[in-house]
Chemist: 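What follows is a structure written as structure tokens; I'll ask about it next.
Letters A, B, ... are given to chains in the order of the sequence lines, protein chains preceding strands, and every chain is numbered from 1.
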2 protein chains.
Amino acid sequence: MRKGLSCPYGQNNLIYTLSSADRALIEPELKPVKLPKGMMLEEPGKPVDLVYFPKTGVGSTVAVARNDRRIEVGLFGCDGMSGTAIVMQSDHASNETFMQIAGDGFSIEPDTLRALLDQSPTLHRHLLRYVQAMMSQISQTALSNGHGKLEERLARWLLMCHDRIRNDEMSLTHEFISVMLGVRRAGVTVGTHMLEGKGLIRANRGQIVVLDRAGLENEAWKSYGAPEADHDRLIGYDQPD
Amino acid sequence: MRKGLSCPYGQNNLIYTLSSADRALIEPELKPVKLPKGMMLEEPGKPVDLVYFPKTGVGSTVAVARNDRRIEVGLFGCDGMSGTAIVMQSDHASNETFMQIAGDGFSIEPDTLRALLDQSPTLHRHLLRYVQAMMSQISQTALSNGHGKLEERLARWLLMCHDRIRNDEMSLTHEFISVMLGVRRAGVTVGTHMLEGKGLIRANRGQIVVLDRAGLENEAWKSYGAPEADHDRLIGYDQPD
DNA sequence: GCGCCTGGGTGCGGAACCGTACCGGAATTC
DNA sequence: GAATTCCGGTACGGTTCCGCACCCAGGCGC
């Protein structure tokens, strides 16, 4: 587990790190919600109809091209939120966001959130800083997609997932990972074998177990770390109050 | 020229599309400034020391990895600004931004801008929506880097540059383009030959001339367009007032 | 005029990854 | 327990792009 995500299990870190005043402001408006696997949180070009703050599970943000090519650009769990367009004073999402690993969390109406943002500059500031951290993550993804070898990108992706799950076991199929990374399914099979051969993970049938996190970080050192450090600086230890 | 960038030549579109009240607010604080080629506008991990609004020229935002791998993630000209971290209520940049093609524009002190953002929610909103458009552009870059062939990525990049120059001739070396795209210099040579062969551009010695813009767009259709449409929706025709 | 630097053209071997396809075992369904 | 679906292992030819290297031409300084 990364240090910046050390909020208690079953909390959303963005909410948890708010000042008590801001938390008191937003908490009454948050509705508990199940987030089943595959649930669509926002769709490109459409208005955001609910904003979600996961407590568990993992959400993926995917850029989609006209010709149906798609690739994951960002990923979040208890550290983040969907519907960032609202924070940006827009209303339409530009990417697709869905639940990649089931969980639960909170939802809030966009209009309500907008009102709260107007009411509390510190709340707005907090969420803006989160979006800034996401931009850093997306930038790193662009870099990694451009320069990284498959094995390195795979290691980075597994790490980012692992960061957001309080468990070394992850339910992930090669097929799914291949879509997220924008590579062949067979490529992922080969990549996981490489990582298995080095004793970093163990995989079988829709299950990947992280054995050596430090080793994975080493494998992905070119691509992993900078956005995570940004996040910790922007959110983790920067609690207003 | 794209429709969303149709502000008068020698204006910054972000400033130009402000409400008259907001423009009156910010204009006294803007200092005219030359933006020579290669000028560093912000550096990763360092505080933003000035925010720039170009009127002419092109700026590049580049993600840098620890091992010195780098790749351009975003690009802006008279349509944008540097120092978006300030708009996001942060102070440190996470990427490197520099002038790729010389120009001129305005600068403003971060503290001054911060004060203005607090003072005018509509100003803040306007700039936030610009950052949202940039996120869309970065996402598309990640997608393009992951899936796109060199020729297609090259076409997209030339289009994005062309959008921000009021001229079909662009001073660009293969070497420079190769760094921006994160590919070999020789690869760019081959790619430009392909585009030349199709009659879309003409290139010689540090000069690239766009001959057939529509053809270029066709060549890059998978990657070009969506972020530009987002930008136009968020900024171009959404003038408060 | 000469040398030098910059920018671009070209070639070659090899690595990485693609598209496609086939197969087998594991889980699920009825 | 038979059928079906899901998931992963494997193979093969082809393409794209890399790393490296060498050379040539234009432009500049001296």
Chemist: Rounded to the nearest Å, what distance is computed from the CZ atom of residue B:R69 to the P atom of nucleotide D:dC18?
Modeler: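 So the two atoms are 11 Å apart, to the nearest Å.
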Chemist: Just by distance, with hydrogens left out, do A:R184 and A:T189 show a side-chain donor and acceptor under 3.5 Å apart?
Modeler: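 Side chains of A:R184 and A:T189: no pair found under 3.5 Å.
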Chemist: Tell me: CG of A:L154 to P of C:dA16, nearest whole Å?
Modeler: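 The answer, rounded to whole Å, is 15 Å.
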Chemist: Provide, to the nearest angstrom, the distance between the CG atom belonging to B:L181 and the C1' atom belonging to D:dC17.
Modeler: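 It is 13 Å, rounded to the nearest whole Å.
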Chemist: Looking at D:dC22, D:dC18, D:dT10, which one has an atom nearest to any side-chain atom of A:H193?
Modeler: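 Closest nucleotide among those given: D:dT10.
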Chemist: Find the distance A:K149:NZ to D:dC18:C1' and express it as a whole number of Å.
Modeler: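 Spelled out: NZ on A:K149 to C1' on D:dC18 is 7 Å.
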Chemist: Counting distance only, does the side-chain N/O of A:S136 pair as donor-acceptor with the main-chain N or O of A:Q132 below 3.5 Å?
Modeler: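 Side chain of A:S136 to backbone of A:Q132, a donor-acceptor pair under 3.5 Å: no, none is there.
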Chemist: Between the base of D:dC7 and the side chain of A:R185, is one N or O donor paired with an acceptor at under 3.5 angstrom?
Modeler: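 Side chain to base: no pair present.
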Chemist: With respect to the side chain of B:A186, which nucleotide from D:dC7, D:dA11, C:dG11 is positioned closest?
Modeler: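 Within the option list, the nearest is C:dG11.
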Chemist: Under 4.0 Å, counting only non-hydrogen atoms across every strand here, what does B:G182 touch: a base, just sugar-phosphate, or nothing?
Modeler: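 The answer is sugar-phosphate, as B:G182 gets under 4.0 Å only of primed atoms, P, OP1 or OP2.
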Chemist: Would A:S223 and A:E152 count as having a side-chain donor-acceptor pair, cut-off 3.5 Å?
Modeler: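 Short answer, yes.
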Chemist: Is the phosphate of D:dC17, meaning OP1 or OP2, less than 4.0 Å from a side-chain N or O of B:R184?
Modeler: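 It does not, given that no N or O in the side chain of B:R184 lies less than 4.0 Å from OP1 or OP2 of D:dC17.
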Chemist: When all nucleic acid strands are considered with a 4.0 Å heavy-atom cut-off, which category describes B:G187: base, sugar-phosphate, or nothing?
Modeler: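 Nothing: the residue B:G187, judged by heavy atoms under 4.0 Å, touches no strand.
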Chemist: Figure out the CG/P separation between B:N204 and C:dG8, and round it to whole Å.
Modeler: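 These atoms are roughly 9 Å apart.
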Chemist: Is the distance from OP1 or OP2 of C:dT6 to the nearest side-chain N or O of B:H174 less than 4.0 Å?
Modeler: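 Negative; the distance criterion is not met.
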Chemist: In whole angstroms, how far is the C1' atom of D:dT16 from the CG atom of B:L150?
Modeler: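 So the two atoms are 9 Å apart, to the nearest Å.
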Chemist: Determine the contact category for B:V183: base if any of its heavy atoms lies under 4.0 Å from a base atom, sugar-phosphate if only primed atoms, P, OP1 or OP2 are that close, otherwise nothing.
Modeler: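 Here B:V183 touches the backbone only, sparing every base.
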Chemist: Given atom CD of B:Q207 and atom P of D:dA25, what is their separation to the nearest angstrom?
Modeler: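 So the two atoms are 21 Å apart, to the nearest Å.
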Chemist: Could you tell me if A:E42 and A:S82 have a donor-acceptor pair between their side chains, going purely by distance under 3.5 Å?
Modeler: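 Not at all, the side chains of A:S82 and A:E42 share no donor-acceptor pair under 3.5 Å.
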Chemist: If you check the B:T189 side chain, which of C:dC18, C:dT10, D:dG8 turns out closest?
Modeler: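 Selected nucleotide (nearest to the side chain): C:dT10.
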Chemist: For B:S171 and B:Q207, test the side chains for any donor-to-acceptor distance below 3.5 angstrom and give the result as yes or no.
Modeler: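 Result is yes, a qualifying pair exists.
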Chemist: Rounded to whole Å, how long is the line connecting atom CG of B:N145 with atom C1' of C:dA16?
Modeler: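 For the pair B:N145 CG and C:dA16 C1', the rounded distance is 17 Å.
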